[in-house]
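In this text the structure is predicted, and so the values were computed from the model without any measurement.
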Amino acid sequence: MKFYPERYPRTRLDKKYPAHAFLYHIGGITAKKSYPGVEYYLRTNPSAGALYPNELYFQARGVVGFDDGIYHFEVGSSSAVLLHPLQKGEGLEPFLNIRHPMRGLLFFISSPYYRSAWKYRTRSYRYCLLDAGHLLGAIETGSYLYDHAYRVAYDLDLEKLNHFFGFGREEFFLSAAIVAVPERSSEVTVPNIRLTQADPTGIFEPDPAIERAYLETMPLHRCRKEPRFPMFSFQKEAWEETILKRRSMREFSSRPITKGQFEAIMESIGRPVPSDCDEPLKIYAVLNRVEGMPVGICENGQMVRFGDFSEKAGYLCLEQRLGSESAVTFFFLSDGCNYRALYQKAGIIGHRIYLVSGYLGLGCSGIGAYYDDEVAEFLQETRMVLYAMAVGV
């Protein structure tokens, strides 16, 4: 967790303010697990290895419960840390290629990548992106809970944004989410300051391969905008309970789920993700145990191969029983050209699967490690494999 010095003003989250509750639902601590010599704090958003290699910053303008300003969400104290109060005509909108002030919340997701890289090495860049996608997914689910419109932004001036926040090699921005509406009365400019960085990791060892990958994935190419907004119809109280109780399953019972449950999950997957760079995802579902459906493989909801592939699915997920004992094991693939955007979209869709599964009384686990080449060969694909997920009872 990242902590700015005590001299920075803090606003303790108070759930009587909808904006405070919204922020808590995006990434607040929901439980603590203790083991000999170590404690884990679980949050509303999942993370590979519970390492949480992402930070959330936001700008509030005209939001009840926050003074207009630029904030860091300090998860450890459940507070918003004021990094800079906004003066008239100031804002972060230009980093998003927006000229006018936006009334509402602008979220910015960064990655202190060493939190993951110490364990997963160079492969951790994909986990930083997937986890950032889950944070964007948490913003989406919170937006539904509080009746907000939102859209995801990947087209940022990342270099200038990193510089403005005082970041060095140890942290960099990945994406943003806009939960705000424009005010056309005036134009806005970036504050003429540079914020002071706070150490996000304690210990840091640079990984040149990750830093090179970040620089290479900064530019976007041939982006297609997705203007459509997803429509859901979940009961709000049950949806909030699902957000707060979300956990990653560690084992399944090998019992089946219903066809209706599977179809509800697939319906949520097919809803659009509003963004300025929408990348294509192809999702394969290995049906191991779904009542009323044959065992086999679905491609974007259509059966393409019949047979019991449960053991193969478990093997492909680095020989984890999660993949074989689940009711359904999903594999996400893409031939998109914008690596940073497509991996985060995979995280957003993965977050939907987590939440919809929980809402339906099912368990879910994200699986970021698998035999990449063998998954592609098994699925007779040339696309890049992005993510695997297991759902079951």
Charged N to carboxylate O below 4.0 Å: is that the case for Glu251 and Arg321? no
Say whether, by atom type as modelled, one donor and one acceptor occur between the side chain of Ser124 and the main chain of Arg121 under 3.5 angstrom. yes
Has the side chain of Arg12 got a donor or acceptor atom that lies under 3.5 Å from a matching backbone atom of Ser77? yes
For Tyr24 and Thr44, run side-chain hydrogen bond (donor to acceptor under 3.5 Å, both in side chains): C-alpha distance rounded to whole Å, both residues' side-chain angles, the deciding distance at 0.1 Å, then the answer. CA-CA 8 Å; Tyr24 173 76; Thr44 57; over 6 Å; no
Can you tell if the side chain of Thr30 reaches within under 4.5 Å of the side chain of Arg247, non-hydrogen atoms only? yes
Charged N to carboxylate O under 4.0 angstrom, Asp372 versus Arg126? yes
Please report the shortest heavy-atom distance between Ala369 and Gln320, naming the atom on each side. O-NE2, 4.0 Å
Quick check against the 3.5 Å criterion: does Arg115 have a side-chain atom that pairs as donor or acceptor with the backbone of Tyr52? yes
Is there a donor-acceptor pair closer than 3.5 Å between any side-chain N or O of Gln235 and the backbone N or O of Glu237? yes
Run the salt bridge (charged side-chain N to carboxylate O under 4.0 Å, His left out) check on Asp147 and Lys236 step by step: do they pass? CA-CA 10 Å; Asp147 297 314; Lys236 293 293 183 69; 2.9 Å; yes
A side-chain contact here means heavy atoms from C-beta on lying under 4.5 Å apart; do Phe262 and Pro256 qualify? no
With respect to Leu105, which candidate in Val63, Ile26, Leu23 satisfies the side-chain contact (heavy atoms from CB on, under 4.5 Å) definition? Val63
As a test of understanding, state which of Tyr125, Tyr127, Tyr114 forms a ring-ring contact (aromatic ring centres under 6.0 Å, His included) with Tyr120. Tyr127
Do Met384 and Tyr284 sit in one hydrophobic cluster, given that two such residues count as connected whenever their side-chain heavy atoms are within less than 4.5 Å of each other, even indirectly? yes
Side-chain donor-acceptor pair under 3.5 Å between Glu279 and Ser334, yes or no? no
Got more than 12 heavy atoms from elsewhere within 6.0 Å of CZ, Arg151? no
For Asp207 and Tyr113, the nearest pair of non-hydrogen atoms, with its separation, is N-OH, 2.9 Å
Nearest 0.5 Å please: distance from the NE2 atom of His84 over to the CD1 atom of Ile193. 4.0 Å
If I take atom CD from residue Glu55 and atom CD from residue Glu171, how far apart are they, to the nearest 0.5 angstrom? 6.0 Å
Whether Asp335 side chain and Arg383 backbone form a donor-acceptor pair below 3.5 Å: no
Ring-ring centroid check His25 Tyr146, cutoff 6.0 Å: yes
Is it true that the NZ or CZ of Lys2 lies under 6.0 Å from the centre of Phe73's six-membered ring and within 45 degrees of the ring axis? no
Answer whether the closest heavy-atom distance between the side chains of Leu174 and Tyr214 falls below 4.5 Å. yes
Just by distance, do the side chain of Ser79 and the backbone of Val81 share a donor-acceptor pair under 3.5 Å? no
Does a salt bridge link Lys345 with Glu226, judged by any charged N lying under 4.0 Å from a carboxylate O? no
From Gln344 CD over to Cys128 SG, what is the distance, rounded to the nearest 0.5 angstrom? 10.0 Å
Starting from Val295, can I reach Val286 by hopping between I/L/V/M/F/W/Y residues whose side chains sit under 4.5 Å apart? no
Under 6.0 Å between ring centres, would you say that holds for Tyr71 and Phe107? no
Taking atom CD of Glu159 as the centre, report whether more than 12 heavy atoms of other residues, nucleotides or ligands fall under 6.0 Å from it. no
Looking at Arg10 and Tyr8, would you say the former's side chain and the latter's main chain have a donor-acceptor pair under 3.5 Å? yes
Are the side chain of Thr329 and the backbone of Gly323 linked by a donor-acceptor contact shorter than 3.5 Å? yes
So, for Leu136 and Ala177, which heavy atoms are closest and what is the spacing to 0.1 Å? CD2-CB, 4.0 Å
Is the NZ or CZ atom of Arg305 positioned over Phe378's six-membered ring, under 6.0 angstrom from the centre and within 45° of the axis? yes
Minimum-distance pair of heavy atoms, taken over all atoms of Leu360 and Gln261: O-NE2, 3.3 Å
Can Val188 be reached from Phe108 by stepping across I, L, V, M, F, W or Y side chains whose heavy atoms are under 4.5 Å apart? no
In terms of ring plane angle, is the pair Tyr57 and Phe167 parallel, tilted or perpendicular, where the classes change at 30° and 60°? tilted
Pair Phe172, Leu158 - check side chain to side chain contact (heavy atoms under 4.5 Å, CB included), show working. CA-CA 8 Å; Phe172 44 66; Leu158 293 170; over 6 Å; no
Taking the six-membered ring of Tyr370 (Phe, Tyr or Trp), confirm whether the NZ or CZ of Arg123 is under 6.0 Å from its centre and within 45° of its axis. yes
Run the side chain to side chain contact (heavy atoms under 4.5 Å, CB included) check on Asn288 and Ser326 step by step: do they pass? CA-CA 7 Å; Asn288 299 327; Ser326 63; 3.4 Å; yes
Rounding to 0.5 Å, atoms CG (Asn338) and OH (Tyr154) come to a distance of 10.0 Å
How long is the straight-line distance from CG of Asp131 back to CG of Asn54, given to the nearest 0.5 Å? 5.5 Å
Examine distances only and state if a side-chain atom of Asp308 and a backbone atom of Ser310 form a donor-acceptor pair shorter than 3.5 Å. yes
Quick check on Arg194: does its CZ atom have over 12 non-hydrogen neighbours (other residues, nucleotides or ligands) under 6.0 Å away? yes
Would Phe22 and Val179 satisfy side chain to side chain contact (heavy atoms under 4.5 Å, CB included), going step by step from the backbone distance to the final call? CA-CA 11 Å; Phe22 180 30; Val179 187; 4.1 Å; yes
Would you mind reporting whether Glu311 and Ser324 have side-chain heavy atoms less than 4.5 Å apart? yes
In terms of heavy-atom contacts, Gly336 and Leu342 come closest through O-CD2, 3.5 Å
Just verifying a value: how many Å separate Ile348 CD1 and Ile353 CD1, rounded to the nearest 0.5 Å? 12.5 Å
Please say yes or no: joined through hydrophobic side-chain contacts below 4.5 Å, possibly via intermediate residues, are Leu129 and Ile367 part of one cluster? no
In terms of hydrophobic clusters joined by side-chain contacts under 4.5 Å, are Leu287 and Leu316 together? yes
Just to verify, which of Glu187, Gln59, Glu183 counts as forming a side-chain contact (heavy atoms from CB on, under 4.5 Å) with Pro101? Glu183
May I ask you to decide whether Arg271 forms a salt bridge with Glu267, counting only side-chain N to carboxylate O separations under 4.0 Å? yes
Looking at His20 and Asp14, would you say the former's side chain and the latter's main chain have a donor-acceptor pair under 3.5 Å? yes
Would you call the rings of Tyr144 and Phe232 parallel, tilted or perpendicular, taking 30° and 60° as the class edges? perpendicular
Using every non-hydrogen atom in the two residues, find where Pro206 and Arg169 come nearest and quote the distance to one decimal. CB-NH2, 3.3 Å
Kindly determine whether Ile265 and Leu362 satisfy side chain to side chain contact (heavy atoms under 4.5 Å, CB included), including the steps that lead there. CA-CA 11 Å; Ile265 293 170; Leu362 305 176; 4.3 Å; yes
